[in-house]
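This report refers to the structure that appears directly beneath it.
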Amino acid sequence: KIAACPAFLNEICQNSSVDLYLITGRLKDKDKGPYPPTPKVEYFIDGQTGLCLAKREYWLGVLGSGKEEELAKETVVTKIEKRPERISLLSAGKTRGYVEELANLKEDWTIDVLSINQEIGDQEFSVSK
């Protein structure tokens with residue numbers, strides 16, 4: 001359980017009441033797995049809604065940097081929409097790259113909810129386009 005809101009989550013913490021938990025995953029063997037090696041991933045979960053409010057991916061540190069791992073990519077929720085159906089959904093966020101290979105990754109995103117537990121008409125949404 002996280003006692004205080006980390007600085008990178010200030011936007012969501014100021015606008016919503018959150019109860020944060022940190023879940024960290026690590027590779028057992030850093031020489032195995034995907035390339036580039038992602039030895040650590042952090043998930044910040046809101047205990048009240050069950051939503052993942054942030055995901056931080058770390059890569060192995062650049063040779064000679066003195067860091068074993070460095071923040072490579074971060075996805076952070078900036079807004080939660082509370083629906084009348086007593087459901088909380090992510091509605092806005094941002095994704096940023098921090099390593100040289102992901103330097104141009106600067107996405108701000110929004111989610112538009114079409115319906116909840118209802119059929120969606122074929123005219124509204126088509127995956128074949």
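Annotation: side-chain hydrogen bond (donor to acceptor under 3.5 Å, both in side chains) contacts of Asp112 (sequence neighbours excluded): none. Partners of Ile111 by side-chain contact (heavy atoms from CB on, under 4.5 Å), not counting sequence neighbours, listed by chain and number: Leu90, Trp109. Looking at residues two or more places apart in sequence or on another chain, you find no side-chain hydrogen bond (donor to acceptor under 3.5 Å, both in side chains) involving Ser88. For Ser91, the side-chain hydrogen bond (donor to acceptor under 3.5 Å, both in side chains) criterion is met by no residue, not counting sequence neighbours. Partners of Cys13 under the side-chain contact (heavy atoms from CB on, under 4.5 Å) rule, at least two apart in sequence or in another chain, are Cys5, Leu9, Val18, Leu20. In this structure Lys82 satisfies the salt bridge (Lys or Arg N to Asp or Glu O under 4.0 Å) test with no other residue, sequence neighbours excluded. For Arg96, the salt bridge (Lys or Arg N to Asp or Glu O under 4.0 Å) test picks out Asp108, with sequence neighbours left out. For Asn104, the side-chain contact (heavy atoms from CB on, under 4.5 Å) criterion is met by no residue, not counting sequence neighbours. Applying the side-chain contact (heavy atoms from CB on, under 4.5 Å) criterion to Glu107, with sequence neighbours excluded, gives Thr95, Leu105. Judged as a side-chain hydrogen bond (donor to acceptor under 3.5 Å, both in side chains), and not counting sequence neighbours, the contacts of Lys55 are Glu57.
Cluster note: Tyr58 groups with Leu71, Tyr98 through ILVMFWY side-chain heavy atoms spaced under 4.5 Å, whether in direct contact or through intervening members.
Counting heavy atoms of neighbouring residues, nucleotides and ligands inside a 6.0 Å radius, atom NZ of Lys73 does not exceed 12 of them. Shown here is Phe8, whose CZ atom has more than 12 heavy atoms of other residues, nucleotides or ligands within 6.0 Å.
Atoms OG1 and CG, from Thr49 and Leu89 in turn, are 9.5 Å apart once rounded to the nearest 0.5 Å. Here the straight-line distance linking atom CZ of Phe44 with atom OG1 of Thr75 works out to 12.5 Å at 0.5 Å rounding.
Under the 4.5 Å side-chain heavy-atom criterion for grouping Ile, Leu, Val, Met, Phe, Trp and Tyr, Tyr21 is not connected to Val41 through any hydrophobic cluster. With hydrophobic clusters built from ILVMFWY side chains whose heavy atoms lie under 4.5 angstrom apart, Ile12 does not share a cluster with Tyr43. Cluster annotation: Val113 is connected to Ile87 through the hydrophobic network of ILVMFWY side chains, with a link wherever side-chain heavy atoms come within less than 4.5 Å.
Between Glu81 and Arg83 there is a salt bridge, since a side-chain N of the basic residue sits under 4.0 Å from a carboxylate O of the acidic one.
Residue pairs meeting the salt bridge (Lys or Arg N to Asp or Glu O under 4.0 Å) criterion with at least one partner in residues 4-24, sequence neighbours excluded, are Lys1-Asp19.
Minimum heavy-atom separation, Glu70 to Leu60: OE2-O, 3.9 Å.
Partner of Cys52 under the side chain to side chain contact (heavy atoms under 4.5 Å, CB included) criterion, out of Asp46, Val77, Ile45, Ile23: Ile45 alone.
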